[in-house]
Structure formats: C-alpha cells, structure tokens
2 protein chains.
Amino acid sequence: MRSMDVLAGYSARMNSRPAPFDELDRKIVTALMANARTSFAEIGAAVGLSSTAVKRRVDRLRETDVITGFTATVKPSALGWRTEAYVEVYCEGAAPPRRLAEVVRNHPEITAAMTVTGGADALLHVRARDVEHFEEVLERIRTEPFIRKTISVMVLSHLLPESPEAGASNVAPDSAADVR
Amino acid sequence: MRSMDVLAGYSARMNSRPAPFDELDRKIVTALMANARTSFAEIGAAVGLSSTAVKRRVDRLRETDVITGFTATVKPSALGWRTEAYVEVYCEGAAPPRRLAEVVRNHPEITAAMTVTGGADALLHVRARDVEHFEEVLERIRTEPFIRKTISVMVLSHLLPESPEAGASNVAPDSAADVR
DNA sequence: GTTGAAAGCGCCCCATT
DNA sequence: AATGGGGCGCTTTCAAC
C-alpha cells in the first residue's frame with residue numbers, strides 16, 4: 001500500500017471539535033480501506049482490541065461520517081465502460097453552482113463534477129461505453145440552457161492503478177455488461 | 001442510487017471471451033457496491049440464490065477482476081485532506097508513458113494520473129492537506145527531469161456527492177488525522 | 001445449483017476500569 | 001466513556017449430492 005509518509009508528524013485536531021480520532025481509529029480505517037470485509041475480530045487482533053471494541057469504534061466512525069460507506073470496487077472497463085474524459089464547461093455569464101448541480105444530475109454518465117479555478121466554470125468527469133456514446137453525452141450536455149461551450153480531454157491510458165471509483169453507482173452494471 | 005438507465009438494452013458480450021456475466025452477477029455486484037459488508041445470505045435472499053451460490057459467484061467475480069476489491073469509503077476532508085487540484089503536465093519532447101508512470105509514483109499526493117488528448121501530455125489528480133502543502137507538491141513535481149511546465153486547476157466545490165475515492169490508499173490516514 | 005454441519009463471527013447485554 | 005467477556009443466532013466455509 002502506498003503510504004502517506006510525507007505526512008508523518010501531521011498531528012490531529014486543529015479544529016474546534018474534540019475530533020476523537022486516535023492511532024487505533026487510524027489503524028482500523030486503514031484496515032477497512034484495504035479490505036472492507038475484514039472481520040472485527042481480525043482487525044481487533046491486529047490492533048490489540050476485542051472485536052466488540054472494534055465494532056463500537058467502527059460504528060462511531062460511521063456516525064461521524066469519517067467512514068461514509070463500504071463498497072465493492074469494480075473496473076468500469078469490466079462492465080463495458082471503456083471511454084473516459086474530462087470536460088471543461090464554460091457558462092453564459094455568472095454560473096450559479098446550484099443550477100449547475102441540477103444540470104449535472106440530469107446526466108448519469110457524469111461521475112464527478114466540480115467548480116474550478118481557471119478559465120472554465122466547471123470540470124466534469126464523464127464515463128461512456130465508447131466514443132459514440134461519449135459524443136452523444138456531450139451533445140446532450142451542450143444543449144443544456146446556459147452552457148456556452150465545452151472543451152473535452154479524453155483519457156488515453158492510466159499511469160496509476162486506477163483507484164477504482166467505488167461507490168460510483170452510475171457505473172453500476174444496471175443494464176450494462178460485457179466482461180474484460 | 002443513480003442508475004444508468006440510458007444503458008437499458010445494452011447487451012452483454014460483444015467480445016471474444018465467453019464473459020459469463022449474467023443478470024444474477026449484475027444484481028450481486030450492485031448489492032456489493034451499495035454495501036460491501038452485506039452478507040452472502042442476505043444477497044442470496046434478494047436475488048433468489050443460496051448463500052453458497054452467491055459466495056461462489058463473488059469468488060469468481062473477484063478472480064476475473066470484475067470486482068477488484070472491497071473498501072471503506074472515507075471523506076478525504078475528514079482525514080485532513082482539504083485541497084484538491086488537477087494538474088496538466090507538459091513534457092520535454094516525446095513523453096514516454098513508462099517514465100511518466102515512474103515519476104508519478106514518486107509523489108504519493110498524486111491520486112490519479114493519466115495520459116490525455118489535447119495540449120498536455122498527462123493529467124494528474126492531486127490531493128493535499130492545504131494550499132501550502134499543494135504548493136510544496138507542485139514544486140516537487142516541477143523539479144522532475146523532463147517536466148517542462150504544469151498548469152493547475154484547483155477544485156473549488158463539488159457539484160455531485162463526491163463518490164469517495166475508495167481504495168485510494170494514498171489518502172489513507174497513515175499519519176494524518178483531524179476530523180471534519 | 002442445493003443442502004447440512006462445523007467453525008467463526010456479529011451483535012447485544014452487563015460487569016469492569 | 002471505553003473496554004472485555006459471554007451467550008445466542010446468523011454467516012461463512014467446505015463437504016457431499
């Protein structure tokens with residue numbers, strides 16, 4: 001596992017809230033990120049706690065939204081999603097983020113969207129089955145009310161083991177299939 | 001869950017390999033993406049299979065790399081990672097992807113990296129604790145051998161519920177902390 | 001694909017510090 | 001406030017069918 005060693009020494013709590021997040025929680029979260037199905041007993045053995053204690057801490061980490069969920073990671077390409085692109089969006093006049101968020105939700109192929117610095121108003125991450133499908137998505141996006149222009153950058157190949165967009169339910173195999 | 005309804009009708013298998021991925025596998029994968037800790041028995045009840053059968057299918061889905069892992073999803077901001085940016089990288093002459101991949105692995109703050117179409121040779125996704133940390137990372141990247149220039153786009157706010165980069169072990173709380 | 005049995009685990013209560 | 005132990009029911013796992 002690639003580790004964030006450059007961060008050694010970064011100490012907890014620079015905020016108002018008590019933020020009970022200690023060494024044990026750290027190890028538990030790390031273990032669950034590596035394998036979300038690890039049993040509490042096994043984690044407990046690794047960190048020196050009983051399974052009961054581990055469960056309680058995990059419950060608390062979920063309640064405080066440090067852990068937001070557990071999910072299976074899938075390769076989008078294994079589910080028939082082979083085309084990926086970033087789309088810079090330019091809007092007419094002032095772009096109200098509220099309205100932009102609405103627009104974005106209309107297109108399930110948009111797997112991430114954010115407002116950004118620089119010339120563009122927003123940056124979209126789009127997944128499509130193939131180039132034809134991507135073109136269709138792009139046309140759909142460009143017909144949205146106040147979107148003036150888009151600039152697309154297609155992803156060619158990944159330089160890192162694609163940390164596989166878990167929880168991206170839009171890439172879920174709702175009707176798509178086709179392995180490898 | 002946002003669903004990929006535009007894909008209705010997309011049929012399996014347009015490749016050479018048998019690609020044994022049916023309706024049942026689809027439901028199982030969807031269930032595990034929603035909650036990776038769901039028991040095989042519960043999934044079985046939902047899809048009409050015994051827990052044993054579900055386990056065998058999940059084992060096979062893992063072996064064929066349709067499912068690449070199970071992971072806890074965390075909010076990077078909850079672990080002290082509050083700064084996010086995309087960095088376009090321009091290289092001297094022809095940029096060999098092999099060498100680029102090496103460079104990328106030297107910087108754990110790079111959570112995604114890919115070669116892309118357009119003017120830039122590569123696009124990096126970078127997470128840092130704060131703007132100071134990001135600047136430090138950027139300087140580090142720019143001193144790499146054949147990197148000619150970079151253009152950074154900072155993320156301001158997300159327009160979609162941040163599908164939380166699971167498995168991104170670089171964001172793991174190895175030494176960082178600080179909740180909320 | 002199923003069932004059945006053994007081992008392990010999740011989960012809840014309660015005593016302990 | 002947080003941990004550990006015990007008990008019961010469910011889950012996992014592996015056999016056999």
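Quick note on labels: first sequence line is chain A, next is B, and so on, each numbered from 1. Remember, it's a predicted structure, so these values are computed and weren't measured experimentally.
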Quick one: does [X]'s side chain have a donor or acceptor within less than 3.5 Å of a partner on [Y]'s backbone?
X	Y	value
Thr71(A)	Met33(B)	yes
Asp65(A)	Thr68(A)	no
Asp121(A)	Cys91(A)	yes

Charged N to carboxylate O under 4.0 angstrom, [X] versus [Y]?
X	Y	value
Lys149(A)	Glu88(A)	no
Arg26(A)	Asp22(A)	no
Asp130(B)	Arg82(B)	no

Base, sugar-phosphate, or nothing: which does [X] touch, judged by heavy atoms less than 4.0 Å apart?
X	answer
Arg57(A)	sugar-phosphate
Ser51(A)	nothing
Ser50(B)	base

What is the separation between atom [atom1] on [X] and atom [atom2] on [N], rounded to the nearest whole Å?
X	N	atom1	atom2	value
Ile43(A)	dG8(C)	CD1	P	18 Å
Arg56(B)	dG1(C)	CZ	P	7 Å
Lys55(B)	dG1(C)	NZ	C1'	16 Å
Ile28(B)	dG1(C)	CD1	C1'	13 Å
Asp22(B)	dG1(C)	CG	C1'	13 Å

When you match Arg60(A) and Thr52(A) each to their closest nucleotide on DNA chain D, which lands nearer the 5' end?
Arg60(A)
Which nucleotide in the set dC9(C), dC12(C), dG1(C) lies at the smallest distance from any side-chain heavy atom of Ser39(A)?
dC9(C)
Outermost contacting nts on DNA chain D, any atom under 4.0 Å from chain B heavy atoms, listed 5' then 3', are dT11(D) to dC14(D)
Report yes if some heavy atom in the side chain of Glu136(B) is under 4.5 Å from a heavy atom in the side chain of Glu139(B); otherwise report no.
no
When you match Thr38(A) and Leu49(B) each to their closest nucleotide on DNA chain C, which lands nearer the 5' end?
Leu49(B)
